[in-house]
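Predicted model, so just to flag it, every value in this text is computed and none were measured. Values reported hereafter were calculated over all heavy atoms of this structure, with side chains retained and with hydrogens, waters and symmetry mates removed. So that the names make sense, note that chain A is the first sequence line, chain B the second, and so on, each numbered from 1.
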Number of protein chains: 2
Amino acid sequence: MVNKQSKIPIYYQLEKAIKNEIDKSGMEPHSPIPSEREYAEKHGISRMTVRQAINNLVSQGILYRERGRGTFVSEQKFEQDISQLTSFSEDMRNRHLTPSTKIIKMNECVGPSAAHDKLKRTNEDVIYEIVRLRLANNEPIALETIYTPKKLIGELKDHQIETSFYHYLEATLGLSIKRGFQSIEAGLANSEEVTYLKIKKNDPVLIMHRISFLDDAAGTPIEFVKSIYRADRYKFNIEMNR
Amino acid sequence: MVNKQSKIPIYYQLEKAIKNEIDKSGMEPHSPIPSEREYAEKHGISRMTVRQAINNLVSQGILYRERGRGTFVSEQKFEQDISQLTSFSEDMRNRHLTPSTKIIKMNECVGPSAAHDKLKRTNEDVIYEIVRLRLANNEPIALETIYTPKKLIGELKDHQIETSFYHYLEATLGLSIKRGFQSIEAGLANSEEVTYLKIKKNDPVLIMHRISFLDDAAGTPIEFVKSIYRADRYKFNIEMNR
DNA sequence: GAGTGGTCTAGACCACCGC
DNA sequence: CGGTGGTCTAGACCACTCG
């Protein structure tokens, strides 16, 4: 029930109440909720206020309207989760595979370099170069090179990057990643890649570049990554809206 | 100026008018637009109607509000446009290239086939198979095969698919595409691809598969596409959120 | 205090759907 | 036909910002 004396806006109370109703009473997708006029009368509020509550739920993808028919519970609640930035480890777990990591090498570099440029660092800044072999169910899938500024990461030990780098950034350092730009190309494996990925010379590979940015006002670049994926073991899946 | 007699909703007219104002008059980010009451008085409409127009622009990321201060032009206009489903033609224009198309062949097929399965069609349904060579600045970029159900598309003529298939679906047929699933792999060019794309045997290529769905309640599959991109001329760019 | 956006009311007419 | 959501009005009071 909504409380008209409360400082909390009525539309907001109603929004939460409707959401609760759907979750608790286990309403099926495509089943109708009461009409706007019913809600208005039941709570003794204006229909426009009811509409504001329902509008919010519609834009959250929880409800949908059909003119002349009514308002219904949506099927998919997570329209926002489309095309999410994921780490290799998360990606593999989504595919029901077990990720693991083998560190090939770790260097500290000063500029100038492409990585200094991409990460918007001065040439004096130290940047880690970390090369890791990524495996799924113990099969090599990708050879990955991460560049990340020491100033933001601090001293790095091997064991900290033996699992998920994203997890380390987020859980241990408390950094929050906001977004990233990826590009995906095709190419042929070079001799180093052939060795680590256990494929043949000139086998096709997917080449992924990514720059990720922190969720701060400046949108600070936090990592620049180049990954080489075995084409016979990996493909990118993307859901897109129009 | 809004027309109160028009069948087009006032809020929608105003929404477009404000958007135009911002684009045309080259308003800078963070500069204020007129207040809601000003718009209401100027057009002789209710403030609630003005709010509906502005709300839409806010949710599109074009404007932002600050309580007690006003409504302002946003910095980034296209937060929503992340990872958008785009046609080849749109994609090329975004890259400042001129797209063109050469139709290789067009068949009508009945099932069973993988396309019938993907498009959720019965074996009796006729499905178009359209093979097109896609060029940018007259250079071959991709060899594309589209499967689309005749039931939804109607009779197809060559000239209707010489430009953008999406444009034909949307502008001519009035179909609205909601979302699509894409996968991106790497592979080696086969002899047919070599010929059309003017590359060498065993050159690397990007293989893209896509299924797109209509914006109806059922989410009807409207196209299943396989595209082979020249790896030396094309890469996919994706912006992702976390 | 004047102006802004945020919330809310109590109506109204319309287009559309399903019976 | 009655019920639905879509649009719109002409007000109102509030919380907030700024000079």
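In this structure, B:Glu38 places its CD atom 13 Å from C1' of C:dG5, rounding to the nearest Å. Rounded to an integer number of Å, the gap from NE2 of A:His43 to P of C:dA10 is 15 Å. Atoms CZ (A:Arg67) and P (C:dC13) sit 18 Å apart, rounded to a whole Å. Nucleotide C:dT4 holds its C1' atom 12 Å from the CD1 atom of B:Ile33, rounded to whole Å. Rounded to an integer number of Å, the gap from CD1 of B:Ile45 to P of C:dA12 is 22 Å. The CZ-C1' distance, from B:Arg51 to D:dG11, rounds to 15 Å in whole Å. In this structure, B:Glu36 places its CD atom 8 Å from C1' of C:dT4, rounding to the nearest Å. The distance from atom CD of A:Glu41 to atom P of C:dG11 is 12 Å, rounded to the nearest whole Å.
Counting non-hydrogen atoms under 4.0 angstrom, B:Ile54 reaches nothing in the nucleic acid. Within 4.0 Å (heavy atoms only), A:Lys7 reaches no atom of the nucleic acid at all.
Checked by atom type and distance alone, the side chain of B:His116 never pairs as donor or acceptor with a backbone atom of B:Pro112 at under 3.5 Å.
An OP1 or OP2 oxygen of C:dG11 is reached within less than 4.0 angstrom by no side-chain nitrogen or oxygen of A:Arg47. Within the structure, a side-chain polar atom (N or O) of B:Thr49 is placed less than 4.0 Å from OP1 or OP2 of D:dT9. Not one side-chain nitrogen or oxygen of B:Arg69 sits closer than 4.0 Å to the OP1 or OP2 atom of C:dG3.
Side-chain N/O atoms of B:Arg65 and base N/O atoms of C:dG6 include no donor-acceptor pair closer than 3.5 Å.
Between the side chains of A:Arg51 and A:Ser46, no donor-acceptor pair is found at a separation under 3.5 Å. Under the 3.5 Å distance criterion, with hydrogens and angles disregarded, a donor-acceptor pair is assigned to the side chains of A:Ser212 and A:Tyr166.
In summary, the aromatic rings of B:Tyr229 and B:Phe236 are positioned with their centroids under 6.0 Å apart.
Taking 4.0 Å as the cut-off between side-chain N and carboxylate O, B:Lys150 and B:Glu155 count as a salt-bridged pair.
Taking every side-chain heavy atom of A:Arg37 into account, D:dG6 is the closest of C:dT7, C:dT4, D:dG6. For A:Ser46, the listed nucleotide lying nearest its side chain is C:dA10; candidates were C:dG5, C:dA10, C:dT7. Candidate nucleotides D:dT7, C:dT7, C:dC17 were compared by shortest atom distance to the side chain of A:Gln52, and C:dT7 ranks first.
Annotation: of the two residues near DNA chain D, A:Gly70 and B:Ile8, the 5′-most nearest-nucleotide partner is A:Gly70. Summary of the strand contacts: B:Pro34 and A:Met48 both lie near DNA chain C, and taking for each the nucleotide with the nearest heavy atom, the more 5' one is attributed to B:Pro34. Judged by closest nucleotide on DNA chain C, B:Thr71 is the one of A:Lys4 and B:Thr71 placed further toward the 5' end.
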